[in-house]
Amino acid sequence: EISLQHGAHRLGRRNDADMARWRAYGLGQFIHWGLYSIPGGEWNGKIYNGAAEWIRTWKEVSPQAYDSLIYRFNPIKFNPDSWAAVAGRMGVKYVTITTKHHDGFCLWPSKYTNFTVAHSPYKKDIIGPLVKAYNKQGIDVILYFSIMDWHNPDWRYDIKTRDDSIAFNRFKQFTRNQLLELLTRYPTAKGLWFDGTWDNSWVKQAAFADSLETEMRKLRPGLIIGSRFRADEYGKRHFDSNGNLMGDYEQGWERKIPEKIEDVHGNDWDCVMTIPENQWGYAKTWSGHIKTADELLEMLAKCVSLDGNFVLNFGPKPDGTLRTEEQTLAKAIGDWMTVNKEAIYNGEYAGFAKQDWGYFIKNTGTNKTYMVIFNVPVSGLLRVTTPLHTVINKAYDLGNLTQTYTPEEIGTSTYFIHLHQQTPKKPFVIVLETGETG
Ligand SMILES: C#C[C@@H]1N[C@@H](C)[C@@H](O)[C@H]1O
């Protein structure tokens with residue numbers, strides 16, 4: 001171990017109630033919305049083949065022309081209650097919303113820049129009504145904030161000269177002011193999801209970022225901040241120079257999911273996932289593989305089975321409505337969650353050997369372990385190997401409690417569950433009630 005001033009300040013998981021609440025969420029929604037939603041991945045009739053929210057960096061787009069989109073931001077159909085209703089119906093427990101993405105446009109009327117909704121035709125705050133609407137649905141809010149800010153003239157990708165340093169010091173104060181402003185304006189926000197923190201300029205700010213994180217936690221006790229916010233004094237991100245996790249949960253699982261429990265090193269984590277391969281902001285044309293509800297449900301079950309949360313991204317349209325494909329997926333996921341939500345909420349790693357048919361999820365604090373089944377074997381036999389000294393007392397369908405199973409013991413701690421029907425149309429869940437022997 002080397003001595004670190006600005007590495008991880010806590011070893012192991014947070015064990016407070018705020019983090020336990022975050023850990024229990026299971027399913028989240030990401031919202032990417034801003035000026036980039038207006039071009040929707042197209043510019044002068046040409047399709048940008050990158051992620052739509054990065055279109056400002058395209059050589060075909062002049063930054064000034066992009067920034068002038070502020071004069072076209074007027075989502076007349078924006079109704080936060082309808083977004084929150086869709087999320088509530090989908091079974092989402094928390095939403096992460098972009099307050100400011102890399103382009104620097106603020107969805108709240110920040111005092112520290114004019115590049116905000118207040119200077120657009122829309123004029124009104126977007127974040128406040130969104131927080132209120134989601135909280136009314138019982139959904140917690142996490143605020144996404146990009147440190148990298150392409151619009152701010154003091155932003156630098158690296159600090160090479162004295163002028164860079166003077167400008168970036170102004171930028172650091174601007175960033176601190178905006179973050180304290182967000183925490184003060186939206187006191188019910190449970191956490192911050194930082195992004196745009198990979199450039200050398202910010203990576204060199206270990207002391208400043210560490211002190212800012214401490215200040216934010218003091219201002220908002222219980223605040224949840226992930227591993228992507230700051231680097232240690234050697235520039236190490238997510239895990240410090242001693243291999244310890246920075247922040248309260250690992251934020252490295254962007255569009256990817258761990259394969260096995262060893263990959264998560266006993267940490268809390270979230271996976272943020274797009275429906276197309278890589279589009280976060282609204283893209284008029286979705287190309288490539290568009291994930292189906294069953295694929296997304298399997299990703300959700302896999303994340304929860306490995307102690308993580310699954311956060312599905314939505315990119316609302318410039319007029320403030322949600323695109324049809326996203327509404328359709330939200331309903332399909334919601335229909336499944338209506339029947340099976342107890343397998344997802346308060347879910348954790350069960351410690352059963354992984355099987356091909358699907359995922360085991362233990363319900364925190366109870367004797368229930370859920371088998372979330374996606375791949376029914378032609379034999380109709382579901383193999384279950386329990387942890388040592390764990391026995392199965394009862395087994396039954398979560399969707400039909402009268403449908404019970406008598407596990408056939410076929411070896412030490414190993415059983416077959418004989419399925420009664422083998423052609424399910426949707427993923428389904430069998431509940432195991434377990435006990436401990438000797
Ligand atoms: C790269 C990158 C960003 N990180 C994702 C969460 C999106 O915000 C994307 O633009």
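This structure is a prediction, so every number in the text was calculated from the model and none was measured. When a ligand or atom number is given, it counts from 1 through the structure's own listing order.
The shortest N/O to N/O separation between E254 and ligand 1 falls below 3.5 Å. For E53, a nitrogen or oxygen atom sits less than 3.5 Å from a nitrogen or oxygen atom of ligand 1, counting backbone and side chain alike.
Atoms of ligand 1 lying under 4.0 Å from any heavy atom of D195, numbered from 1 in the order shown and given with element: 3 (C), 4 (N), 5 (C), 6 (C), 7 (C), 8 (O).
If you check each of Q251, H32, H102 against atom 7 (C) of ligand 1, the one with the closest non-hydrogen atom is H32. Here atom 1 (C) of ligand 1 lies nearest to W54 when heavy atoms of Y36, F30, W54, Y144 are compared.
By the side chain to side chain donor-acceptor pair (under 3.5 Å) test, Q137 is found to be paired with no residue, residues two or more places apart in sequence or in another chain being considered.
No hydrogens or angles considered: a donor-acceptor pair under 3.5 Å links the side chains of S110 and E181.
Remark: K354 is not positioned above the aromatic ring of F360, lacking an NZ or CZ atom under 6.0 angstrom from the ring centre and at most 45 degrees off the axis.
When each of Q251, M148, R228, R230 is tested with T197 by the rule side-chain contact (heavy atoms from CB on, under 4.5 Å), just one qualifies, namely R228.
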Check residues 37-45 and write down every donor-acceptor pair under 3.5 Å in which the side-chain atom is one partner and the other belongs to a residue at least two apart or another chain.
| unit_1 | atom_1 | unit_2 | atom_2 | d |
| --- | --- | --- | --- | --- |
| S37 | OG | G34 | N | 3.1 |
| S37 | OG | G34 | O | 3.0 |
| E42 | OE2 | T285 | OG1 | 3.0 |

